[in-house]
Amino acid sequence: GKSTLADAFGRHLRAAVVDKDDIKDILDTRYRDEWVGGFSYEIMLRIAERCLSQGIDVICDSPLTYPDL
């Protein structure tokens, strides 16, 4: 679903694809805590901001399940 579309668009548009689950997977291996999901979103958005500030198009692959986002 989401990841397949994100990857296809990323290739077509030559955009960076930032997958929240890649970040969460790494954090989950080190920290088994309820804050990991929210922290993963913060990291994903920071990476996206950095790319955009350098003129790199970004696709965020995430279900955006947190209401604040």
Side-chain angles (χ1 to χ4, degrees):
K2 291 183 302 302
S3 296
T4 301
L5 286 173
D7 290 342
F9 279 122
R11 281 191 302 277
H12 180 73
L13 300 172
R14 295 182 171 250
V17 176
V18 182
D19 187 338
K20 190 270 303 178
D21 287 338
D22 288 341
I23 298 164
K24 187 176 183 302
D25 290 345
I26 292 169
L27 293 176
D28 275 340
T29 62
R30 291 180 173 39
Y31 311 101
R32 295 282 181 197
D33 213 328
E34 61 189 47
W35 59 266
V36 167
F39 192 44
S40 299
Y41 280 109
E42 290 182 43
I43 294 169
M44 178 191 71
L45 293 173
R46 176 68 60 92
I47 293 168
E49 287 174 358
R50 174 69 58 111
C51 289
L52 291 170
S53 73
Q54 295 176 4
I56 300 168
D57 293 329
V58 178
I59 296 170
C60 291
D61 180 1
S62 169
L64 289 174
T65 56
Y66 285 78
D68 294 351
L69 299 171

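The shown structure was predicted, so the numbers you read here are calculated from the model rather than taken from an experiment.
- Shortest non-hydrogen contact noted between Ser62 and Met44 is CB-SD, 3.9 Å.
- Leu52 and Leu13 fall into different hydrophobic clusters, where Ile, Leu, Val, Met, Phe, Trp and Tyr side chains are chained together by heavy-atom contacts under 4.5 Å.
- Criterion: ILVMFWY side-chain heavy atoms under 4.5 Å apart, direct or through other members. Under it, Phe9 and Ile47 are not part of a common hydrophobic cluster.
- For the atom pair NZ of Lys20 and CG of Asp25, the computed distance is 8.5 Å after rounding to the nearest 0.5 Å.
- For CD of Gln54, the number of neighbouring non-hydrogen atoms (other residues, nucleotides, ligands) closer than 6.0 Å is greater than 12.
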Given side chain to side chain contact (heavy atoms under 4.5 Å, CB included), test Asp7 with Val17 step by step and report yes or no.
CA-CA 7 Å; Asp7 290 342; Val17 176; 3.9 Å; yes

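- A pairwise comparison of heavy atoms in Ser40 and Leu27 identifies OG-CD1, 3.7 Å as the closest pair.
- Across every non-hydrogen atom of Thr29 and Ile26, the tightest pair is OG1-O, 2.6 Å.
- Of the inter-residue distances, the one linking Glu42 atom CD with Ile23 atom CD1 reads 11.0 Å to the nearest 0.5 angstrom.
- The two residues Val36 and Tyr31 make their nearest non-hydrogen contact at CG2-O, 3.5 Å.
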Verdict with reasoning, Asp21 to Asp61, per side chain to side chain contact (heavy atoms under 4.5 Å, CB included):
CA-CA 8 Å; Asp21 287 338; Asp61 180 1; over 6 Å; no

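- Remark: Phe39 CZ to Lys24 NZ distance equals 13.5 Å, nearest 0.5 Å.
- Asp19 CG to Ile59 CD1: the interatomic distance, rounded to the nearest 0.5 Å, is 11.5 Å.
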